[in-house]
Amino acid sequence: METTQLVKGVLDLAVLAVVAQEDGYGYDVVRRLRAAGLDEVGDASVYGTLRRLYNAGALTSYVVPSDEGPHRKYYGINKQGHETLVLQGKTWRSFASTMEDLLTTAEGTA
Amino acid sequence: MNDTTVRYPTGLADRVSAYVREVRAELVDLPAEDVDDLTGGMEADLSELAAECGGDLAGRLGTPKLYAAELRAAAGLPARAVGSGGRQHRPLREQMALDRASLTRLVGRHPWLRSATAFLVTLRPAWWLLRGYLAAWALWSMLSGNTRGIRPHSFLHLVMAVAAIVISVQLGRGWLRERPAMGPLLIVANTAALIAALVASVSIDVTYDAGGGFSPPAGVSLDGAQVGNIYAYDSDGNRMTSVRLFAQDGRPLNGDPTFLDPNGNPSVLDVNGSPMGVVRDGSGATVTNVYPKLLFGQDPWQVIDPADPQMNQGAWTPPVSIVPLAPSSTAPASGTATATATATATAPTSKPVPPTSASTIPTSGPSPSVTRSGG
């Protein structure tokens with residue numbers, strides 16, 4: 001199964017979960033997603049998702065100046081983002097458990 | 001990979017700048033605000049990445065073109081149109097989608113805009129109703145060539161209104177959602193409905209201004225003004241009391257219908273507690289076409305309202321007698337141009353009636369019409 005397609009469907013939730021642990025800038029979020037096992041995630045997809053979640057009011061954003069070079073743009077989660085995370089998390093768990101049941105039944109009869 | 005190229009930071013920085021510049025070029029059709037939002041902090045992030053992967057940004061991220069396309073898709077922005085340059089060359093539909101997207105982002109950023117939008121969204125069904133009704137109104141106004149009044153004037157109008165409302169609500173519920181080509185048409189229709197709303201609001205005023213012409217006063221009227229009382233004189237010019245008047249079709253010339261309640265009983269009492277403007281005939285039925293009416297519990301030939309003499313200042317006082325008709329009295333006389341002249345109260349006989357005595361009510365009158373009194 002194409003994991004990339006699966007990741008696309010849950011990228012919002014994954015990004016929210018990562019940022020909820022700790023504020024992060026774009027590439028930092030990418031790295032943490034990969035470290036968590038989502039190897040398929042594309043850099044630009046994560047940046048775009050951060051941007052979209054911010055525009056939807058789920059994330060805050062602030063710029064951290066850097067001595068060495070260009071500034072970094074950090075994202076953090078806010079109240080609405082937490083609510084979204086909880087809600088989408090429930091949806092995901094219920095979906096995953098439905099799939100699990102379905103597969104268990106199928107494998108049992110196979 | 002690129003081991004031959006310089007690896008010191010300045011070289012990496014150049015590559016990062018070049019990559020970012022190319023990505024920005026791919027986003028040039030977006031509003032500057034969006035481009036800054038999407039690429040802000042990108043240099044810093046890509047520098048870190050470049051340091052990790054030895055500067056091969058394209059190998060790691062794909063071409064700037066692909067990167068920009070992925071960025072757009074993930075950010076929920078429309079893909080770049082082929083060959084499109086600046087904003088002004090964009091097809092209308094795409095521009096609309098873009099504007100809508102930037103509007104959505106703007107709304108998402110401000111909580112009060114979010115609640116205002118949510119409030120407006122709940123009002124949408126009301127707008128669908130109004131839009132449908134306005135469309136029907138515009139249609140029947142165009143057909144009849146007159147925009148006076150916003151109420152349906154006929155059953156056909158009612159049917160049109162219902163049909164238009166059904167169509168409008170169905171449109172609102174997403175009839176055309178699968179046909180995006182109809183989007184601009186819908187915008188035109190909405191704009192037209194808004195203009196119709198403006199015209200309609202003006203036409204409500206017109207209706208009120210011209211109200212007198214549309215609903216004549218109840219009861220008996222003369223030149224559009226309500227007739228409060230009728231004073232009858234016989235051919236000798238003497239006052240007549242308790243004259244019962246009927247129109248050409250046998251309907252009694254009833255006065256103000258508010259003198260009777262829906263059950264035909266007297267509804268207005270004068271200062272003495274007597275019913276105003278209403279008398280009973282021999283069978284006990286209430287009749288209101290008897291003139292002059294007893295309005296204020298006193299001599300009906302006295303027009304002054306005792307409760308409000310101010311209001312009656314300058315009112316006409318009926319004379320005790322007027323100029324008698326010429327001896328051949330079948331034709332209308334010319335010299336008696338009083339307010340009562342047009343009322344067909346010419347006494348059937350030329351017998352003089354003393355002003356104080358009650359004149360006999362003509363029994364040959366169309367008595368069944370009494371039941372119609374009170375409308």
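Naming: A, B, ... by sequence-line order, numbering from 1 per chain. Values reported hereafter were calculated over all heavy atoms of this structure, with side chains retained and with hydrogens, waters and symmetry mates removed.
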**Item:** Shortest non-hydrogen contact from Ala44(A) toward Ala74(B)
**Value:** O-CB, 4.1 Å

**Asked** Among pairs that include at least one residue of residues 86-109 of chain A, which meet ring pair (Phe, Tyr, Trp, His ring centres under 6.0 Å), considering only residues two or more places apart or in two chains?
**Response** Trp92(A)-Phe95(A)

N/O donor-acceptor pairs between chain A and chain B, cut-off 3.5 Å:
from	atom 1	to	atom 2	distance (Å)
Tyr25(A)	OH	Glu48(B)	OE1	2.7
Tyr25(A)	OH	Glu48(B)	OE2	2.9
Gly26(A)	N	Asp45(B)	OD2	3.1
Tyr27(A)	N	Asp45(B)	OD2	2.7
Tyr27(A)	OH	Glu52(B)	OE1	2.5
Arg31(A)	NH1	Glu48(B)	OE2	2.8
Arg31(A)	NH1	Glu52(B)	OE2	2.6
Arg31(A)	NH2	Glu48(B)	OE2	2.4
Ser45(A)	N	Glu70(B)	OE2	3.1
Ser45(A)	OG	Glu70(B)	OE2	2.5
Tyr47(A)	OH	Asp45(B)	OD2	2.7
Arg51(A)	NH2	Asp37(B)	OD2	2.3
Arg52(A)	NE	Ala74(B)	O	2.5
Arg52(A)	NH2	Ala74(B)	O	3.2
Asn55(A)	OD1	Arg109(B)	NE	3.4
Asn55(A)	OD1	Arg109(B)	NH2	2.8
Arg72(A)	NH1	Ala44(B)	O	3.4
Arg72(A)	NH1	Asp45(B)	OD1	3.3
Arg72(A)	NH1	Glu48(B)	OE1	3.3
Arg72(A)	NH2	Glu48(B)	OE1	2.9
Lys73(A)	NZ	Asp37(B)	O	3.2
Gln80(A)	OE1	Arg114(B)	NH2	3.1

**Asked** Of the backbone (N, CA, C, O) and the side chain (C-beta and beyond), which part of Leu38(B) lies under 4.5 Å from a heavy atom of chain A, both, or neither?
**Response** both

**Item:** Among the listed options Ala73(B), Ala44(B), Gly62(B), Gly41(B), the residue most often paired with chain A at heavy-atom distances under 4.5 Å
**Value:** Ala44(B)

